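Here the structure comes first, spelled out in structure tokens, and everything after it is commentary.
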Amino acid sequence: MAKKESKAKPKKQNKKKFNIKTDKTVIAVLISFIILTLIILVVTGVIPVGTKKGAFSKYAVLYNSSELMEHQKSIDENIITSSELQGNTMKEPMVIVNPYGTSPLSAIIVFNTPEETNITANLLSNSGNSLLTFKSENKTEHIIPVYGLYMGRDNKIELKDSNGNTEEVIIPIEKKEYHPGVFADAKVSDNTLGDDDFIFLYSKESRMPLAYDQAGDLRWFLDYNSNKKVLYLDNGNILISDASSSIGTSETLMEVDLLGKVHKIYELEKPYFDNIVMLPNNNILYGSVDNTIVEYDLTEGKFITSYNIPDLFKKIDTELTIDGNITAVDYDQSSGLILAGIQYGNTLLAFDKSGEVKWMFSNPENYSDKFSTHLLNPVNESTTYPGGSVNSKLNGGILRLINKNERGFITSFNDYVIDSGNKTIRQNWNYINFNPRYYLGDYALSGNERLLLLSNNSYGIDGNLDATIVVLENETPRFKMNVANTYDYIEKRPFVKDGYEFEITEVKEYKVNKPISKYTKLKYKDSYKQAKNYGIAFTLSGNTLLAHYHAEDYAVVLMEANYNAYRYEPDNGVVNFEIKDKDLLILIEHEGNIYNTGYYITP
């Protein structure tokens, strides 16, 4: 992150303009924030620097989430202290770009006013029109979040108080190199939408949630090692997952705001694999491993229950064995039914919270006669059995389904009307106006709009753009955009959430003590001497250690300074280790080699 402070330049009509690129005082401010940036890079394991005296002091401490949150708190305190000491005004505010180091297209503007006043901050277009508006309520101390800044240009922010006085701030954002998919070219070929909503896209590949505006400009992304679907919360924050294992599961969920500030951390008893949805009581449902759907309480931060899909089937036919993964999770508030999609037989099934299956949609050839009273029967010729179940939705008795052909290409987006009492299903809408060359897709609603996403799992096919977003209003195409990247989920919504109040955030952590993994105790002095230095990234949360090491059949060794060591066999890169009262150096054994990772864990 970098803190940028500016001085004003006179302008005509009593308007003031200042550019943070030309302010000499910014150098000292930048230095302090560069130091903070280095601190965060250290605690997240990006920069391996020994920070503690002892036997392993030449190596890097692997910090857990608690230490990271302490540094976030110090950033908050520094923002407030700096504003108080420097006496920033609306004429010369303090501007901090990317304050928490994870939201590069965001900033906060900090200043004081002599009297209480409302402040409006307008992000201006090149022609002077307001693009986004941010507000600070009636007060004297103003800390205003600004996000949706443009990459690679000077962003003009007009500050206006309740008396009509205005100042102009220039915030330049340089274009930097990140993951190759982040700055994918986007081309909008049609747009007759009547709003300013943003298109949010989430991908298992890019690992960065991001948002485009309706002109095709990238306006927000979260530079955090996250993947899978993002859940938008009522308070304007988002729920994201970490990229926790080699099989794509996540052991942790985090609530963050659009500035990248962490508010809550949830350690999960059962890992998150794919698809997540909010329940009316502030609980969530998500797909986990082994064909299991988990209900989790966000208010209390605890596991509630789980539904094992194979067990639900065995209540109907004890001889049935299924495999594959869960491909869809949704909740229909009107009926109280949970929708699950599974790979086996491209099956969709709905069940209540007691675990009773109410209906299933699949080709009857995939199941025995014992399922005949549960399988839905098509009532018109256009209703075909599902060729896919990925990202299906259920709302008000309407099943929304993406169909695929035998080669796995998407062929249509469909709406089906379910009559659960008579066990019938009828197709009443579909969309086929596209080239069936896409493997990935999503189908979501936004008011009376249908959001259709078509994507391939590569960054380009012969150099062509390979993701297509279509928005239909009723039956009329209103928006089309092509992006040179791959995505799995789509969402369309407003960008700005009013009522932001800056405060020093005490991050709430909901931890789970995981059972200790099996280990072997051994003496490691001779082995340690043979170890090769090899930097391997890790994530530490509580007693859970995740190795970002893409290999098979390796062991994680935790060694004390006296060479007593503990060898663990990781499960998909995860080790739940026994916490010791001594420092533990992390080593890897793989194919006869021993690697010193350069990290150690403190008590």
Side-chain angles (χ1 to χ4, degrees), residues 1-30 32-33 78-99 103-174 196 219-220 258-259 495-503:
M1 83 211 70
K3 179 172 69 178
K4 311 210 173 183
E5 178 182 343
S6 308
K7 292 185 177 179
K9 294 182 180 179
K11 290 186 66 178
K12 295 180 180 180
Q13 299 177 345
N14 296 323
K15 289 187 70 176
K16 304 295 182 181
K17 177 179 178 181
F18 64 95
N19 190 320
I20 64 176
K21 292 190 295 185
T22 60
D23 187 359
K24 295 180 180 180
T25 62
V26 75
I27 297 175
V29 179
L30 276 171
S32 65
F33 270 83
N78 187 74
I79 291 170
I80 294 175
T81 302
S82 297
S83 177
E84 292 173 347
L85 293 177
Q86 297 181 25
N88 299 101
T89 64
M90 191 171 95
K91 181 179 179 180
E92 295 185 343
M94 178 173 65
V95 178
I96 307 171
V97 177
N98 192 11
S103 185
L105 304 186
S106 71
I108 58 174
I109 303 174
V110 185
F111 59 91
N112 301 317
T113 52
E115 299 177 353
E116 291 186 347
T117 182
N118 296 320
I119 300 293
T120 299
N122 291 307
L123 173 61
L124 303 179
S125 67
N126 290 334
S127 60
N129 296 323
S130 177
L131 298 173
L132 288 174
T133 300
F134 307 87
K135 297 179 181 180
S136 175
E137 299 303 325
N138 200 44
K139 60 179 69 174
T140 59
E141 297 178 351
H142 305 276
I143 301 179
I144 306 173
V146 179
Y147 31 83
L149 300 175
Y150 289 90
M151 178 76 72
R153 72 169 77 170
D154 290 347
N155 293 267
K156 299 179 182 179
I157 308 293
E158 180 190 64
L159 301 176
K160 186 175 183 179
D161 66 17
S162 53
N163 293 321
N165 300 312
T166 61
E167 301 288 346
E168 189 174 278
V169 184
I170 304 297
I171 305 179
I173 302 292
E174 296 181 1
D196 297 319
R219 300 288 297 280
W220 176 84
L258 295 182
L259 293 172
F495 198 46
V496 177
K497 180 74 174 180
D498 291 334
Y500 175 86
E501 292 288 341
F502 179 87
E503 58 185 1

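On a predicted model such as this, the values are computed, not experimentally measured, just so you know.
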side-chain contact (heavy atoms from CB on, under 4.5 Å) between Lys156 and Leu123, intermediate numbers included: CA-CA 6 Å; Lys156 299 179 182 179; Leu123 173 61; 6.0 Å; no
Check the pair Tyr150 / Leu131 against side-chain contact (heavy atoms from CB on, under 4.5 Å), numbers first and verdict last. CA-CA 11 Å; Tyr150 289 90; Leu131 298 173; 3.2 Å; yes
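For the pair Phe502/Ile79, a side-chain contact is recorded, criterion being any heavy-atom separation below 4.5 Å from C-beta on. Here the side chains of Glu115 and Thr117 are not in contact, with every heavy-atom distance at 4.5 Å or above. Side-chain contact between Asn112 and Asn88 is absent, with no heavy atoms from C-beta onward closer than 4.5 Å. Taking 4.5 Å as the limit, some side-chain heavy atom of Leu149 sits within range of a side-chain heavy atom of Ile157.
Between the CD1 atom of Ile96 and the CD1 atom of Ile108 there is a distance of 4.0 Å, given to the nearest 0.5 Å.
Here the shortest heavy-atom pairing between Leu159 and Ala121 reads CD2-CB, 3.8 Å. Heavy-atom minimum distance, Ser106 versus Pro99: OG-CD, 4.1 Å. Heavy atoms only, all atoms of each residue included: Ala107 and Ile171 are closest at CB-CD1, 4.3 Å. Of all non-hydrogen atoms in Gly148 and Leu132, the two that sit nearest each other are CA-CD1, 4.1 Å. Nearest heavy-atom pair, Met90 versus Glu167, reported as atom, atom and distance to 0.1 Å: O-CG, 3.5 Å. Looking at every heavy atom in both residues, Met151 comes nearest to Glu174 through SD-O, 2.8 Å.
For Lys135, the NZ atom counts as loosely surrounded, since its 6.0 Å shell holds 12 or fewer non-hydrogen atoms of other residues, nucleotides or ligands.
A cation-pi arrangement is absent between Arg219 and Tyr147 under the rule of less than 6.0 angstrom and at most 45 degrees off the ring axis.
Under the side-chain contact (heavy atoms from CB on, under 4.5 Å) test applied with Phe111, the options Val169, Ile143, Ile144 reduce to a single match, Ile144. When Pro145, Pro93, Ser136 are each tested for a side-chain contact (heavy atoms from CB on, under 4.5 Å) with Ile109, only one passes: Pro93.
Within the 3.5 Å criterion, the main-chain N or O of Leu124 finds no donor-acceptor partner in the side chain of Asn122. Proximity of a side-chain donor or acceptor of Trp220 to a complementary backbone N or O of Leu258 within less than 3.5 Å is detected. Counting only distance, with no hydrogens or angles, the side chain of Asn118 and the backbone of Asn138 share a donor-acceptor pair below 3.5 Å. Judged by distance alone, the side chain of Ser103 and the main-chain N or O of Leu105 form no donor-acceptor pair under 3.5 Å. Using a distance-only test at 3.5 Å, with no hydrogens or angles considered, no donor-acceptor pair links the side chain of Thr113 to the main chain of Glu116. At distances below 3.5 Å, at least one donor-acceptor pair connects side-chain atoms of Asn155 with backbone N or O atoms of Arg153.
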